[in-house]
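See below for the structure under consideration.
First the proteins, then the strands, lettered A, B, ... as listed; each starts at 1.
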Amino acid sequence: MIRVRFAPSPTGYLHVGGARTALFNWLYARRHGGLFVLRIEDTDTQRSSWEMVSGIVDGLRWMGLDWDEGPDIGGPHAPYFQSQRLDQYREAAARLVAQGSAYYCYCTPESLQQKRQAAEAAGGGWLYDRTCCTLTAGEVAAREATGAPRAVRFKVPRGSTSFIDLVHGRIEFPNAVIEDFVVLRSDLQPTYHLSVVVDDIEMAMTHVVRGDDHISNTPKQVLLYDAFGSSPPAFAHVPLILGTDKKRLSKRHGATSVMEYPRLGYLPEAMVNFLALLGWSPGGDEELLARDELIQMFALEGISGGNAVFNPEKLDWVNQQHIQRLTPEDLASRLEPWLRDKGLWSEHFGSSRRDWFVALVQLFQPRLKRLDQFTHEAGPLLRDDVIYEAQAVAKHLRPELHEPLSLLASKFAMLDPFTAQPLEMTLRALAETLQLKPASLIHATRVAVTGRAASPGLFEMLELAGRERVGERLRKALTHVAPPA
RNA sequence: GUCCCCAUCGUCCAGAGGCCUAGGACGUGGCCCUUUCAAGGCUAAAACACGGGUUCGAAUCCCGUUGGGGACGCCA
């Protein structure tokens, strides 16, 4: 049984990089009928907050990534908050010391800081100098007697450490570059390395899929697995997501929190599709993939090794494509919150005027890239008043069209049924009679009724606007058009 | 500074020694469709970082250089 986890630290919101890591884990679990576990790594009590946990949970839910075990639903390996598993880490650290894999370190953070800075000033890096590893029994006793705080450091053996990475292949580190890292702080809080390994062992993780930035942490963790007598899981380190300037994605690149995307009008299925293809490829040419298809095709082996730049334009395109694939009814439901927010929603849109509303949505669907655009685009048909855009008026509501528009208004007033085809025939017939180019009358009518120069097909618009509103606006528009002198 | 990862169009990917005159997608330009704007269709420009090997043959394998990224915490 495959078991994978997403283990965010609640020190910030769910950013797109984390979201993609979660997605890869989720896809992998779903692909193989495995289990996806959510675990909160809140051992940094200073920076962790409950608010961030719920933000992360919201982000995952929005993307439709559901977990089989986690803080809210529990599971056979509960609890899923590291802050509630401290005993296990302390016990593990004690075991390490008892078996000689780790030792107590009495160095103060200040002295370490000093040594580190001195080394840096000298132009090199610094690894812990093992001061406390070589203490004699007497020296240890002396420090213990003073009650000095002690941390637990792992004793890194000689040699080298390697592991198999499903995206990078075999990776090897000389142990000489790995320092004797702290596993248990002097305040008895575990460090990341200890808690992940203890939990991943206890939670029986078979695969660890995480960001590339953890590659250099991995040998330390492999050493811990060895010390605990466990064999490490399979690792898959996925490349980072960068901003357009190839720097690590940050706020100045725009929206980096997943939860900003619903507010910007993006569909979760589009986000999932887009993120899945950032750094991973199913191999073929297909780019627009539904959740089920992604699950069917997903493989860790298809993840590329290099970093990927987040391309907002492509996200827009993917989003647009997914919007086009929605049924009008579905789109209509997703649009409702937006209309409510703008005060353009009418309860009738859910009942007596449902068909009308869905038809309206369908008419605008092809031109929607993002959900937020609808209220603006369809505004003229949703609001009682029209806003005449000066440029559109100047260009299309020319004085010589005063009379034709007036005639058109009276013809429309008598038209029955008031539907697209008859509307178009009527307008074209009138244009012919008056020896006008149909286009000029069409444009003038569009501006008259919508106030804008651009819209979906005019006659479908007119039909949806209805006889009354069309007549009213045509009359109103005529006041903007001075008759020719 | 040390270690690790990466290297194909501007961007995301395909390519696992001959199928490559390097393919697709976004974006960009042009054309078509057309009542406008979109959408859609067609089309164009656009890349194997460099240098050495290995091989009959290299985008694909090896080495080096360069470039980019990551990590070097009693953060995760």
**Request:** Classify the nucleic acid contact of A:P190 as base, sugar-phosphate or nothing, counting any heavy atom under 4.0 Å across all strands shown.
**Result:** sugar-phosphate
**Prompt:** Any donor-acceptor pair under 3.5 Å between the side chain of A:N217 and the base of B:A76?
**Reply:** yes
**Asked** Hey, does A:G125 reach any base, or is it just sugar-phosphate, or nothing, if we go heavy atoms under 4.0 Å?
**Response** base
**Request:** With the side chain of A:L240 defined as its heavy atoms from C-beta on, choose the nearest nucleotide among B:U35, B:G69, B:U2.
**Result:** B:G69
**Asked** Checking A:N307 side chain against A:I241 main chain: does a donor-acceptor pair fall under 3.5 Å?
**Response** no
**Request:** Classify the side chain of A:S216 versus the base of B:C72 as yes if they form a donor-acceptor pair under 3.5 Å and no if they do not.
**Result:** no
**Request:** Pick the C1' atom in B:G1 and in B:A14, then give their distance to the nearest Å.
**Result:** 39 Å
**Message:** Given B:G70, B:C13, B:C3, identify the nucleotide with an atom nearest to the side chain of A:P174.
**Reply:** B:C3
**Prompt:** Are side-chain N/O atoms of A:H237 and A:D165 paired as donor and acceptor at under 3.5 Å?
**Reply:** yes
**Request:** Name the nucleic acid region contacted by A:S281, choosing base, sugar-phosphate or nothing; use a 4.0 angstrom heavy-atom cut-off, strictly under.
**Result:** sugar-phosphate
**Request:** Report which part of the nucleic acid A:T191 touches: base, sugar-phosphate, or nothing (heavy-atom distance under 4.0 Å, all strands).
**Result:** sugar-phosphate
**Distance, P atom - from B:G40 to B:G27, rounded to whole angstrom** = 9 Å
**Asked** When all nucleic acid strands are considered with a 4.0 Å heavy-atom cut-off, which category describes A:E172: base, sugar-phosphate, or nothing?
**Response** sugar-phosphate
**Item:** Within 6.0 angstrom of A:Q391 CD, more than 12 heavy atoms from elsewhere
**Value:** no
**Request:** Check whether any side-chain nitrogen or oxygen of A:T43 sits under 4.0 Å from OP1 or OP2 of B:A76, and answer yes or no.
**Result:** yes
**Prompt:** On the ring face of A:Y128, is A:R153 found with NZ or CZ under 6.0 Å from the centre and within 45° of the axis?
**Reply:** yes
**Asked** When rounded to the nearest Å, what value does the distance between C1' atoms of B:C42 and B:C33 take?
**Response** 11 Å
**Prompt:** Using the P atom in both, what is the distance from B:G68 to B:G73, to the nearest Å?
**Reply:** 24 Å
**Asked** Which nucleotide sits closest to the side chain of A:D285: B:G70, B:A38, B:G24?
**Response** B:G24
**Prompt:** In whole Å, what separates the C1' atom of B:U28 from that of B:G18?
**Reply:** 35 Å
**Closest-nucleotide ordering on RNA chain B, the 5'-leading residue of A:N307 and A:L127** = A:N307
**Item:** Separation of the P atoms in B:C13 and B:A58, to the nearest angstrom
**Value:** 27 Å
**Message:** Taking only the P atom of each, what is the distance from B:C63 to B:A25 in whole angstrom?
**Reply:** 36 Å
**Prompt:** When you compare B:C48 with B:U54, how far apart are their P atoms, in angstrom units rounded to a whole number?
**Reply:** 24 Å
**A:D199, A:D200, A:V197 screened by side-chain contact (heavy atoms from CB on, under 4.5 Å) with A:M205, the one that passes** = A:D200
**Request:** Report which part of the nucleic acid A:G457 touches: base, sugar-phosphate, or nothing (heavy-atom distance under 4.0 Å, all strands).
**Result:** base
**Message:** Applying a 4.0 Å non-hydrogen cut-off, can you work out what A:R47 is touching in the nucleic acid: base, sugar-phosphate, or nothing?
**Reply:** base
**Request:** Look at the side chain of A:I442 and decide which nucleotide, out of B:U35, B:G27, B:C12, has an atom nearest to it.
**Result:** B:U35
**Nearest-neighbour nucleotide for the A:E313 side chain, B:G27, B:U36, B:G24 considered** = B:G27
**Message:** By the 4.0 Å heavy-atom rule, please label A:K369 as base, sugar-phosphate, or nothing.
**Reply:** nothing
**Asked** Where the side chain of A:F173 is concerned, which of B:C12, B:C13, B:C3 is the nearest nucleotide?
**Response** B:C3
